[in-house]
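Down below is the structure, laid out as structure tokens.
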Amino acid sequence: MRHIISLMMENEAGALSRIAGLFSARGYNIESLNVAPTEDASLSRMTIVTRGSDEVIEQITKQLNKLVDIVKVQDLSDGCHIERELMLVKVKATGEYREEMKRMADIFRGRIIDVADKTYTIELTGTGAKLDGFLEALDPAAILETVRTGASGIGRGDRVLKI
Amino acid sequence: MADTELTGAEIVVRCLAAEGVEHVFGYPGGAVLNIYDEIYKQDKFLHILVRHEQAAVHAADAYARSTGKVGVALVTSGPGATNAVTGIATAYMDSIPMVVITGQVPTPAIGMDAFQEVDTIGITRPCVKHNFLVKDVKDLAETMKKAFYIAATGRPGPVVVDIPKDVTQHLCAFHYPDSISMRSYNPTSKGHAGQIKRAVQMLLEAKRPVIYAGGGVILGDAAEQLIELARYLGFPVTNTLMGLGGYPSPDPLFLGMLGMHGTIEANMAMQHCDVLLAVGARFDDRVIGNPKHFQKEARKIIHIDVDPSSISKRVKVDVPIVGNVGQVLAELTKLAQAAGHGPDPESIKAWLAQIELWRSQDCLKYDRESAVIKPQFVIEKLYEVTGGDAYVTSDVGQHQMWAAQYYKFAKPRRWINSGGLGTMGFGLPAAMGVQMAHPGAPVACITGEGSIQMNIQELATCKQSNLPIKIILLNNGYLGMVRQWQEFFYEERYSESYVASLPDFVKLAEAYGHVGMKIEKPEDVEPALRKAFGEYKDQLVFLNFITDPRENVYPMIPAGKGLSEMILI
């Protein structure tokens with residue numbers, strides 16, 4: 001089952017490699033991982049999307065908690081949460097594509113953030129499924145390049161991950 | 001004092017003194033020369049010069065195992081650090097508190113492929129509890145404090161502190177913090193009251209109980225609490241390889257070691273119990289074999305461990321209790337006593353009778369009339385001659401299993417072996433660490449002719465530091481455990497398991513300035529041991545016992561099989 005795990009960690013050199021190393025050493029899979037500092041510069045917030053049975057997820061959570069640099073771990077999938085991913089897609093914008101790409105971006109509530117003679121770059125935010133849907137809706141021949149951040153997640157309502 | 005500025009090297013030495021470190025095992029080199037210069041000038045701790053960095057780490061590790069204190073090793077950058085890795089991984093697998101200080105090339109040279117540069121933090125990351133690269137001398141004292149704190153608390157483990165050479169030269173005011181708190185590291189010590197209550201109820205309702213106690217009992221200094229609970233309830237106890245000594249072996253409630261080479265009574269009781277109390281143990285592959293086979297029998301499991309990730313890792317448990325094993329055991333005893341009734345005496349009596357039936361198969365029997373020396377016989381004689389009170393280290397292989405089976409450990413911290421990683425070459429340096437910690441005590445290193453040659457150079461360290469270790473070499477001319485597996489599972493194709501061209505160990509011992517003995521007949525075993533521990537008490541004695549090359553370790557559960565699928569003699 002897919003799980004989205006959110007964690008706070010000390011913003012220190014090597015912290016990321018400890019987490020990546022844990023996943024590879026123990027054979028856990030990472031679907032996506034993103035990390036950036038928080039409003040408190042000493043802390044980083046990471047979102048990991050992984051898959052596994054309940055037992056595996058329990059072990060992942062425990063092993064993450066065991067890492068000395070990690071301050072807090074939360075399995076967002078345990079409750080209501082929101083997740084978003086950002087994607088940038090560079091598409092062909094020549095001939096009939098020029099109009100179609102604009103229309104597709106509008107339908108998916110994307111924004112064209114770079115316009116060139118032959119290309120558009122579209123920015124799109126949403127769940128992974130929505131981003132997948134967008135790519136499927138496009139003519140594959142029109143897609144020049146895609147880049148995705150992986151999911152960021154946050155609990156709904158009063159559910160707060162803070163130290 | 002805070003006003004005087006000290007160099008990083010002086011700070012390292014002051015930190016070690018402040019931690020009460022008395023012994024440091026190490027080997028000098030370019031990146032740690034400043035630290036060694038400060039060691040030369042101080043008299044707070046003793047430095048033991050080894051002959052290979054791996055040995056320094058094993059010695060520090062065994063020092064920790066036998067004392068409960070944090071062991072300390074010091075090595076240089078590059079090859080010094082990589083040589084230390086096997087020792088660090090050994091300590092990590094067995095959760096041994098240790099601080100390893102590694103030198104590093106100067107900070108401006110890091111990443112430049114400098115001479116003797118290696119990414120020590122990267123290389124050691126998967127086999128340490130934590131590691132630090134100290135880039136600024138201002139962080140040095142606090143980092144050292146954190147290293148000792150992390151190594152010793154919670155589930156213990158090795159911590160590496162990597163110090164670039166320029167940091168050991170830089171100046172800084174020295175202040176060693178009295179205590180440290182880390183928001184990201186707060187090990188649980190007190191068990192959950194509700195879970196403890198549930199556990200007591202389960203224990204009191206048990207009809208076929210077993211207590212399965214591992215290395216956590218030793219590490220947590222909880223032997224006393226374990227004995228109290230087991231004796232109050234009258235429950236049988238089995239120890240893992242790492243747990244031996246945690247419950248007195250001569251006790252009638254003791255089932256012996258369990259697992260791949262465990263006794264019938266321990267393995268069968270483990271398989272057929274209805275309530276299992278696991279204490280500081282982790283259901284690993286060498287202990288329960290195939291987890292599916294283990295789970296075929298229904299039983300309730302209570303699991304006490306300081307590390308939550310050890311719980312429900314291989315086997316799902318019913319009552320998890322995270323906490324300090326000693327504290328939790330004491331609370332269990334208190335609540336059980338307060339309950340006003342014990343477990344059902346009739347059921348327990350029937351269960352113990354069943355256990356006696358299993359025990360009566362005498363699974364550790366061997367040919368006592370043999371004309372060649374049986375390795376088991378040597379261990380039994382060693383037990384007699386040392387009154388069961390020696391510190392025993394071992395290497396890895398058949399001799400290790402025989403030591404675990406036949407030396408009846410009665411106290412914790414007496415049995416020192418590499419259980420998790422299974423590191424050949426551990427025994428001799430481990431014996432050095434133990435002997436440094438306990439100068440007058442008898443220390444025996446039980447080894448094989450394969451293992452002993454993996455760190456044989458340490459005979460020189462033993463000479464230099466006057467360590468009167470007794471090396472009990474069970475020499476069967478084979479890599480015995482490999483040979484045994486080849487006999488059982490590879491149709492006797494003994495691929496590369498015969499160690500031809502063995503040295504003359506007596507001459508070798510003598511060449512290093514020690515006493516050597518070769519023992520070839522069963523009747524000479526005891527006199528040789530008496531001589532070694534008597535007349536030659538103050539010298540290292542290398543006893544080369546020529547033993548039966550075809551002897552196997554029984555019982556044996558083949559890898560992947562279940563606890564009740566033992567191969568018996």
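Within every chain, numbering begins at 1; the chains are lettered A, B, ... in the order of the sequence lines, protein sequences first and strands thereafter.
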**Q.** Heavy-atom neighbours of A/Lys130 NZ exceed 12 at 6.0 Å
**A.** yes
Q. What is the minimum heavy-atom distance between B/Arg125 and A/Gly21, and which atoms define it?
A. NH2-CA, 3.5 Å
Q | Distance-minimising heavy-atom pair for A/Val68 and B/Ser184 | A | O-OG, 2.6 Å
Q. Which bit of B/Lys316 is near chain A, if near means a heavy-atom gap under 4.5 Å: side chain, backbone, both or neither?
A. side chain
Q | NZ (B/Lys145) with more than 12 external heavy atoms under 6.0 Å | A | yes
Q.
Please classify the contact of A/Ile163 with chain B as side chain, backbone, both or neither, using a heavy-atom distance under 4.5 Å.
A. side chain
(Q) Is it the case that the side chain of A/Lys62 and the backbone of B/Ile311 share a donor-acceptor pair, with hydrogens and angles ignored and the cut-off at 3.5 Å? (A) yes
Q | Any A/Glu10 side-chain heavy atom under 4.5 Å of B/Met182 side chain | A | no
Q.
Would you compute the distance between atom CG of A/Leu67 and atom NZ of B/Lys129 and round it to the nearest 0.5 angstrom?
A. 11.5 Å
(Q) As an exercise, state the distance from CZ of B/Arg183 to NZ of A/Lys72, rounded to the nearest 0.5 Å. (A) 11.5 Å
**Q.** Exceeds 12 heavy-atom contacts within 6.0 angstrom, atom CD1 of A/Ile154
**A.** no
Q) Just how far is it from atom CG of B/Asn186 to atom CG of A/Asn65, taken to the nearest 0.5 Å? A) 11.0 Å
Q) How far apart are the closest heavy atoms of A/Lys66 and B/Ser309, and which atoms are they? A) NZ-OG, 3.2 Å
**Q.** A/Glu12 side, atom CD; B/Phe132 side, atom CZ - distance, nearest 0.5 Å
**A.** 7.5 Å
Q: Evaluate whether atom CZ of A/Arg111 has more than 12 neighbouring non-hydrogen atoms of other residues, nucleotides or ligands under 6.0 angstrom away.
A: no
Q) Looking at CD of A/Glu55 and CZ of B/Arg314, how far apart are the two atoms once the value is rounded to the nearest 0.5 Å? A) 13.5 Å
